[in-house]
J.: 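This is the structure I want to talk about, given as structure tokens.
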Amino acid sequence: MPVPARRHSRSHVRRRRAHDALKPTNVGLCTTCQAPLLPHTACKNCGTYKGKQVIDTTRDLKREAKKAAPVHNHDHTQEGSDPKDEKAS
Ligand SMILES: [Zn+2]
């Protein structure tokens, strides 16, 4: 049984694909800190959107500081804290 050589001609396919190219992303600049920024998004660098503060950017800094210097000022060398020592005495 004979079958057609191709469903669409090369010309038909190429005309369709003429509109498939991607356009470059429209990257703007933050009005506050001039960092590159996509439209309609809050700036991750300074946490502002349209000049208003919408994200607490100090939150991550606080967490990092807490991780770096944990509050640990009690003594681990106390006698009686080890269960083995309590049984012996
Ligand atoms: Zn910014």
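Hydrogens, waters and symmetry mates are skipped; everything else that's a heavy atom, side chains included, is used. Counting starts at 1 for both ligands and their atoms, following the listed order.
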J.: Quick one: list whatever passes side-chain contact (heavy atoms from CB on, under 4.5 Å) with T32, sequence neighbours left out.
T.: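 If we apply the side-chain contact (heavy atoms from CB on, under 4.5 Å) test to T32, skipping adjacent residues, the hits are C30, C46, T48.
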J.: Answer yes or no: is there a side-chain heavy-atom contact under 4.5 Å between R63 and R59?
T.: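 Result yes, sub-4.5 Å side-chain heavy-atom pair found.
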J.: Rounded to the nearest 0.5 Å, what separation is found between the CZ atom of R17 and the NE2 atom of H12?
T.: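 Nearest 0.5 Å value for the CZ-NE2 distance: 10.5 Å.
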J.: Only counting residues at least two apart or in another chain, list the ones meeting ring pair (Phe, Tyr, Trp, His ring centres under 6.0 Å) with H19.
T.: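 Applying ring pair (Phe, Tyr, Trp, His ring centres under 6.0 Å) to H19 gives none.
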J.: Just so I know, are the side chains of L37 and L29 near enough to count as touching, which here means a heavy-atom distance under 4.5 Å?
T.: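 Sidechains of L29 and L37: no contact.
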J.: If you link ILVMFWY side chains whenever their heavy atoms are less than 4.5 Å apart, which other residues fall into the same cluster as I55? By chain and number, please.
T.: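 Grouped by the 4.5 Å side-chain rule, Y49, V54 form the rest of the cluster around I55.
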J.: Which residues and atoms, protein N, O or S only, are under 2.8 Å from the Zn ion (ligand 1)?
T.: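 You should have found C30 SG, C33 SG, C43 SG, C46 SG.
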